[in-house]
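Worksheet: one structure, shown below.
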Amino acid sequence: MKFSAIAFATVVASSASTTSAFTVSPGVANLSAASSSRTVAFPTTTATSTQPRSSRAFIASSRSSSVASTSTSLNLAGGGGPEALQDYITTLSNSASPLVKKVNNPKLIKLAGVAAVPLTYALGAAMTPSRRLAARAVGGVVAAITAGGVGKNAVEEDVRRSCPSAIASRLLELGVDGDFVSDGIDLLREDYGVDEEDFITMKTDVYSVYLVGMAKNPLAKTAELKELSNLREALSLDNMMVGQAHADAAKTFYRDVTRFTSVDELDDEDHPDRVSLDKMLFLTERAFRQGKETDEAFTFEFSRVAKALGDLSMSEALERAKDVARPFYERALASTRSKLESGAVNSDMLRRARVTLGITDEEAKEMHVESFAQEVRSQLGLPDEEDEDDEIDINQDKRVETVAEIEAKMQNMREEAENKPVEDTSSIKFKDGAYDQLSKLQQVLELSDEDADYEIAAATERFWRNTALQTLDDAIAGTKDPAKAWSIIQSRQKELYLKDSSMKSMMTSIVMQSLGKPLEKVNTFARVNNAAATYDGLVDAIAAKETCKDVLKEAGWSEFEDFEKACFDPFDKASACGFLTNMDRHNMYQMFFQRSVKVDEGGTKSISDEAKARMKELRGMLGISEDEGENQIRNFFGPELQSVLVAAVDEVTRGNTTDVLLQNMKEKIGSVISNFQLEDEMVRSYAGPLYNRAVEQIASSAPGGI
């Protein structure tokens, strides 16, 4: 007795052992045998094949029946999406009907016409004498109805329910980047009898499952961005569908995470689940941006995801997404540095990387500067800088109770700084070829000369400063002449690639530091009224200033032509005298002035030309104006001048003066003016009022007046 094709199918469906031997995957079945209305070709991939492949065909031959053995780029990437799809398929298969489990082909199931066919149906079809399929089917239906068979609607419903699993399976078989994966998935809608709206929902669900799987792996990879873009194209999803898929994935993922991880633990940026949540934000932000969403649509869609992932604000969610993107670009910059000599990298490559990762121009500028700074340190043979914020101060929680404790602490800090030996950094210099390397990197990173010079100065300033300080100290001590000192400083500048523009400001700082030390020491003597030590210390400070001026004259910089103005501004806290109070400065000058006045054996006071010149220099160092200096002289010598002038006026107004007396008084007045080197203006200011008084006295005693 011969069975027809449909009878054979029903017998196969009713036998578990037979089904396992004849199961046909929806991705590899030749559907042309089941439908005369559409023919789909499945060409084999052989070396001799020359036939062009149809855009609606997908390769089925040379494929293993095991999904795990497929060698697509997706599987090689090792992401979490494929694993999630496999779990999804397994979960759906557990709830599938027995017939769907046994016959993994929707057309074969629908051709049989039932979801669970009783044996009487098969027998009815087999015993129908007609050779035509329709007649045999009618006979089978009659027999099935007679035996209480299941209706066609139940069959089709079971087929529709298995469609999501089929979509996931086809993605795994062809890979999200397969040539015909999109067409292959589209064919499933008609094969499984699913309407368009339901099919879109199924594809969106599959996308969501895949995205959750990617996020569960905390390790983010740039390849996943392309993988997610390919997934969208494979499933033919538009922006609205992708937005819904991401929102659904975020809800599912956050719900699963918070089952085992507390909210407090998720505040820890290094917690694996927190890292996965941030990765979800990163993938979402990139998917929406790459989909060219409008700003309004992006805000709406991304805020939905942010809210689902712990009720995050838009700004916080974006920042966390950026935190995932930055390390990728940092690695790209590190690769740029390592491959610079080969010429394998350029600005355009970095620009494309920024677009892919969503790095803004402002963020890129900051990262480029940091990368350049790292290369500068590398070319100097220095390790990467340590984060100062990570250093723990053991005394940071200790409370300072009194002002005395604060002053004591400050004094200890000053003493430690003074006693700290100057580090010998003379051996630190750039490697051979470093200049060309840094110039190339500056060009690739598109940094300005100003930015590059600043980073070089920031890395080398300390080493140059050590050399300059030591050299200036030697010049002040007299062990090096100004020309030699400047030669050493300039040579160190060239070794460290420092520009004159950077040098000028740093040299000013060095001079201020060199001259500030002796002034600080002198001030300690002045505050305890040690006039002798104050005077001697100020004489040394004046000599040191002159030496520094001579060194800078060798540089020929016009900025230091007015040396006192450049380095001794009393209103600039950073200047050489800026740390002194107004009272300290005047007190020091007063002591120096008094010690500059000499008294001879006859008791006559005088100031030498050398002393006057020193006082002028000191006024410039202490920020004391010329007017203040004149007032100092007036206050000190005024009484001497006043005394001789009053004596002369009294002698004249008493009468009976002789030529000899007048000559003696004139010589006394001239001696005071000469000895103290008083200005004519000062003499007139004192003599004028006395002369007016003398005229009034003489006029009052004369009968006829004057």
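Position 1 is the first residue of the sequence; numbering continues from there. Predicted model, so just to flag it, every value in this text is computed and none were measured.
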| query | Regarding R289 and the six-membered ring of F298, is the cationic atom NZ or CZ under 6.0 Å from the ring centre and inside 45° of its axis? | reply |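 Satisfied, under 6.0 Å and within 45°.
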| For the atom pair NZ (K440) and OG1 (T336), what is the distance rounded to the nearest 0.5 Å? |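 Spacing of NZ (K440) from OG1 (T336) equals 14.0 Å.
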| task | Give, for atom CH2 of W464 and atom CD1 of I489, the distance between the pair rounded to the nearest 0.5 Å. | result |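 Reported value, rounded in 0.5 Å steps: 6.5 Å.
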| Considering residues at least two apart in sequence or located in another chain, which fulfil the salt bridge (charged side-chain N to carboxylate O under 4.0 Å, His left out) criterion with R232? | none
| message | Going by side-chain hydrogen bond (donor to acceptor under 3.5 Å, both in side chains), name the pairs with one or both residues in residues 346-360, residues two or more places apart or in two chains. | response | Y329-R354, D348-R351, R351-E446, T360-E363
| message | Tell me if a side-chain donor or acceptor on K279 pairs with a main-chain N or O of N217 at a distance below 3.5 Å. | response |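 Indeed, once roles are kept as given, a pair shorter than 3.5 Å links the two residues.
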| message | Atom NZ of residue position K307 - does it have more than 12 heavy atoms of other residues, nucleotides or ligands inside 6.0 Å? | response | no
| request: Using only heavy-atom distances, determine whether the side chains of Q493 and D500 contain a donor-acceptor pair under 3.5 Å. | output: yes
| Do D584 and T581 meet the criterion of a side-chain donor-acceptor pair at a distance under 3.5 Å? | yes
| field | Parallel, tilted or perpendicular: ring planes of Y535 versus F592, cut at 30 and 60 degrees | value | parallel
Identify whether the distance between the nearest side-chain nitrogen and carboxylate oxygen of [X] and [Y] falls below 4.0 Å.
{"X": "D451", "Y": "K365", "value": "yes"}
{"X": "R320", "Y": "D278", "value": "yes"}
{"X": "R326", "Y": "E319", "value": "yes"}
{"X": "E617", "Y": "R614", "value": "no"}

| said: According to ring pair (Phe, Tyr, Trp, His ring centres under 6.0 Å), does anything in residues 495-525 pair up with another residue at least two apart or in another chain? List the pairs. | reply: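 Sorted result for residues 495-525: F430-Y497, Y435-Y497.
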